[in-house]
Amino acid sequence: MIEHLDGAVTTTGFDVPVEPLRRAAHYTGEPGCIAEARSFAAHFVEQLRTEWCARIGERAGGEVLLVVSELVTNADRHSNGPYILELEGTEDAVSVCVYDSSDALPLRFPKDPRRIGRHGLEIVHALAAEVTAERVPVGKRVRALLRLTA
């Protein structure tokens, strides 16, 4: 928007809001899909750094990849069909959503250092500011929101 103040032209902001960076990928569940999803997420984080000038440190970038790994691994192991990874980000946050064909909501087990495995959601909850799981017409959607700034 431009305002005219006593003959001077002053820019006061943008007329159109900037949309978040959004990317999605479909996976069949074939061997190698989890690694492909991590690679897809790494490319997404790099796009946020270059296109959004987001200050994403090594740790935050690694946390995004870890959350992607955990959620995609859960979809791969517990659904009976393909799944979708959807990423949305700005300079402040990244949302990781995974849609799969199972309508069974994920279980978060209590902390137990003696338990072998089943720590995925525990890890996701430790890293994310918000975690939600809901049934959708095709199965379920699990979403984790990671803040990139303190």
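Position 1 is the first residue of the sequence, and the numbers go up from there. All values derive from a computational prediction rather than experimental measurement. Both backbone and side-chain heavy atoms feed into the values below; hydrogens, waters and symmetry mates do not.
The heavy-atom pair separating Arg141 from Cys97 by the smallest distance is NH1-SG, 3.7 Å. Closest approach of Ile56 and Gly61 over heavy atoms only: CG2-N, 3.6 Å. Closest heavy-atom contact between Trp52 and Pro20: CZ2-CA, 3.6 Å. Listed here is the closest heavy atom pair of Leu127 and Leu146: O-CD2, 4.2 Å. Shown here for Ala144 and Leu71, the closest heavy-atom pair between the two residues is CB-CD1, 4.2 Å. Summarising the geometry of Cys33 relative to Tyr83, their closest heavy-atom pair is CB-OH, 3.3 Å, with the distance given to 0.1 Å.
Counting only distance, with no hydrogens or angles, the side chain of Ser69 and the backbone of Leu65 share a donor-acceptor pair below 3.5 Å. Arg38 places no side-chain N or O within donor-acceptor distance of the main-chain N or O of Val68, the cut-off being under 3.5 Å. At distances below 3.5 Å, at least one donor-acceptor pair connects side-chain atoms of Arg115 with backbone N or O atoms of Gly117.
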Check your understanding: When you look at Leu87 and Val96, which way does the side chain to side chain contact (heavy atoms under 4.5 Å, CB included) test go after all the steps?
Key -> CA-CA 5 Å; Leu87 302 171; Val96 178; 3.8 Å; yes

Exercise for review: Any chance you could lay out the side chain to side chain contact (heavy atoms under 4.5 Å, CB included) test for Arg23 and Gln47, step after step, and finish with the verdict?
Suggested key: CA-CA 10 Å; Arg23 298 288 181 267; Gln47 280 186 297; 3.2 Å; yes

Exercise for review: Apply the test side chain to side chain contact (heavy atoms under 4.5 Å, CB included) to residues Leu121 and Leu107: give CA-CA distance (whole Å), side-chain angles for both, the deciding distance (0.1 Å), then the verdict.
Suggested key: CA-CA 8 Å; Leu121 279 180; Leu107 298 174; 5.8 Å; no

Check your understanding: Can Asn74 and Val98 be said to form a side chain to side chain contact (heavy atoms under 4.5 Å, CB included), step by step?
Key -> CA-CA 9 Å; Asn74 285 351; Val98 176; over 6 Å; no

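Through direct or indirect side-chain contacts shorter than 4.5 Å among Ile, Leu, Val, Met, Phe, Trp and Tyr, Ile84 is connected to Tyr99, Val136, Val138.
Within a 6.0 Å radius of CD in Glu134, other residues, nucleotides and ligands contribute more than 12 heavy atoms. Environment of CZ in Arg118: sparse, with no more than 12 heavy atoms of neighbouring residues, nucleotides or ligands closer than 6.0 Å. Within a 6.0 Å sphere centred on NE2 of His26, other residues, nucleotides and ligands contribute more than 12 heavy atoms. When the shell of 6.0 Å around CZ of Arg22 is examined, it contains more than 12 heavy atoms from other residues, nucleotides or ligands.
The CG atom of Leu85 lies 9.5 Å from the CZ atom of Phe44; values are rounded to the nearest 0.5 Å. Taken to the nearest 0.5 Å, the NE2 atom of His125 stands 12.0 Å off from the CD atom of Glu70. The CD atom of Glu58 lies 11.5 Å from the CD atom of Glu63; values are rounded to the nearest 0.5 Å. For the atom pair CZ (Arg55) and CD (Glu91), the distance works out to 10.5 Å, reported to the nearest 0.5 Å. Between the CD atom of Glu122 and the CG atom of Asp112 there is a distance of 8.5 Å, given to the nearest 0.5 Å. Between atom CD1 of residue Ile34 and atom CG of residue Asp76 there is a gap of 4.5 Å, rounded to the nearest 0.5 Å.
Follow the hydrophobic side-chain contacts under 4.5 Å out from Val94 and you reach Ile123 in the same cluster. Criterion: ILVMFWY side-chain heavy atoms under 4.5 Å apart, direct or through other members. Under it, Val45 and Leu145 are not part of a common hydrophobic cluster.
Note on Glu86 versus Arg143: no salt bridge recorded, every NZ/NE/NH1/NH2 to OD/OE distance being 4.0 Å or above. Salt bridge absent: Asp92 and Arg147 never bring a charged side-chain N and a carboxylate O closer than 4.0 Å.
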